[in-house]
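To keep things clear, I will list the structure first and then write my remarks on it.
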Amino acid sequence: MSANVSKPKFAMYWASSCGGCEIAVLNTGPKILDVDAAFDVVFWPVAMDAKYKDVEALEDGAITLTLFNGGIRNDENAELARLLRRKTKILVAFGSCATEGCVPGLANLSSPQSVFETAYGTLTTDNPGGQWPQPSVQVPEGELHLPVFASTVRTLEQVVDVDYYMPGCPPESHQIALVIDLVIQALNGKAQLPPKGSTIGAGPSTVCDECPRQRHVKKIKHFARIQDLERVDPDLCLLEQGIPCNGPAIRNGCGALCPRAGAQCIGCYGPAEGVVDNGARLITAFASVIDSNDPAEIERILDGIPDPAGQFYRFNLAGSLLHAAKPAWAGGPAVK
Amino acid sequence: MAENETFEPVIVGFTCNWCSYRAADLAGTARVKYPPNIRLIRLMCSGRLDPTFVLKALAGGADGVLITGCHPGECHYLEQNYKALRRFLLLRRTLVAMGLEPARVRLVWASAAEGVKLAREIETMVNEVRALGPLHWGQGSPNGALAAIESAAAEEVTA
């Protein structure tokens, strides 16, 4: 965090996220020193103390690179997205939440009302007064405000214009290192940035492409959860063994980490290049390998996927064509 | 609901070139009437139906989607209609999990000779969807679902 003002400025912000993206950046190891050497870090709440007003005081476009992780859950997230967009030349939707909503986006299956009921009213919450956070409250010293909870989680591009997308939950550290290298080289005129709107730090193909498991003709008579199987063949394609692996529709770039470790791909790198709707592509992939033409038997096989919406949209409900389930958009705001 | 008395649903219908499209054609030449609420789109085969098409129709403002094809065993491309069947069953489960009424997505087999049957099926579906009322997943625009949600979010912020 050098005070050298001649260096390009860098910011990283977390909106509705878990903090895993920040850890992935720190996991780049010594590469993080290159960031400090090449950039003047002006705003990064997890790593340094800076206030929103410090960002507001900057000239528009003063920040060269902003890595924005987290989805847009409330009006504070949206305000910061708009503020950083104004101040930033290269705005990167960083990680699954910012690009497609990720796991917090699964709240789009439920009404805001029931999200609050679960968060503030179930067994794991000690809330004897049954209180919910209110957007504003009067105290003797004046009126206090909390960010207003929106009806759905939105992706960054659903709120502001985005220059690049970097998928992953979180993005793999070696991919982050490659992107940091590329940006630094581009700033020094030694490389060219890809066209605006590109997905960076990931491959163009699918997880299956990087998966070392053997594949044959897929014919599935039943789906099973991996923990319910007595034995999982370590060399055979997981989908062929009836384990609902999302690899066929998911973008590569992770190196097929999960299938290599014996677990199915859950889809954290988002849809592969050219896929409009992740769930639709997975429905096609799964339906094609079911080995039955009899409606009753097909239904019985499909019972092996008890939560299809969660299976196909675990990471990108907010970024999908339908964006949210009916209870979310038909429910209205969370009020009590 | 008062709204439903004047509500005319918009149904997007997908037909296959070899059977159900010909059935619709036959209904036309035989002057069999069916409600004008359905917008038919011809595909070469029901196996060509990417579930994306259905999602896009619903997100873009359709109140229901009808998928049609050749009878099992009669597909011009041998067995692609079985693929369509499996996709449909999985897609319907997913949509129901997202709060959609199952009657809004329907699969119907119709041979080239079944113009009357297809017309009756369309009529039944239009009546059922009319009874369910408007879907409003979107507001008629290609990105309708999102536009509706964004305006709702904006109302909350300003409220």
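Letters go in sequence order (proteins before strands), and every chain restarts at 1. What you see is a predicted model; the values in this text were computed from it and never measured.
Enclosure of atom NZ in K196(A) by more than 12 non-hydrogen atoms of other residues, nucleotides or ligands within 6.0 angstrom is indicated. Within a 6.0 Å sphere centred on CZ of R48(B), other residues, nucleotides and ligands contribute 12 heavy atoms or fewer. Taking a 6.0 Å sphere around CZ of R215(A), one finds it holds more than 12 heavy atoms contributed by other residues, nucleotides or ligands. Environment of CD in E101(B): crowded, with over 12 heavy atoms of neighbouring residues, nucleotides or ligands closer than 6.0 Å.
Looking at every heavy atom in both residues, W137(B) comes nearest to K326(A) through CH2-N, 3.9 Å. The two residues A309(A) and A97(B) have their closest heavy-atom pair at CB-CB, 3.9 Å. Closest approach of A280(A) and L55(B) over heavy atoms only: CB-CD1, 3.8 Å. The minimum heavy-atom distance linking R87(B) with S288(A) is given by the pair NH2-OG, 3.9 Å.
For E299(A), the parts lying under 4.5 angstrom from a heavy atom of chain B are both the backbone and the side chain. For L49(B), no part lies near chain A; criterion is any non-hydrogen pair under 4.5 Å. Interface remark: Q80(B) contributes no atoms to any contact with chain A (heavy atom separation under 4.5 Å). Of the atoms belonging to L85(B), it is side-chain heavy atoms, and not backbone ones, that fall under 4.5 Å from chain A. Proximity to chain B involves both the backbone and the side chain of I290(A), based on heavy atoms less than 4.5 angstrom apart.
Most heavy-atom pairs under 4.5 Å with chain B: of the set P135(A), G310(A), S292(A), this distinction falls to S292(A). With chain B as the partner, the residue from D303(A), V275(A), N108(A) showing the most heavy-atom pairs under 4.5 Å is D303(A).
Residue I283(A) holds its CD1 atom at 4.5 Å from CG of L91(B), rounded to the nearest 0.5 Å. For the atom pair CZ of F312(A) and OG1 of T94(B), the computed distance is 5.0 Å after rounding to the nearest 0.5 Å. Interatomic distance, CG of L90(B) versus CD1 of I301(A), reported as 11.5 Å (0.5 Å rounding). One distance of note links CG of L100(B) with CG of L322(A); it measures 8.5 Å at 0.5 Å rounding.
For the side chain to side chain contact (heavy atoms under 4.5 Å, CB included) criterion with T52(B), the lone passing option out of L321(A), T284(A), N278(A) is L321(A).
Residues R86(B) and D291(A) are not paired through a salt bridge, judged by the lack of any N-O separation under 4.0 Å between the basic side chain and the carboxylate.
Under the 4.5 Å side-chain criterion, counting only non-hydrogen atoms from C-beta, D277(A) is not in contact with K56(B).
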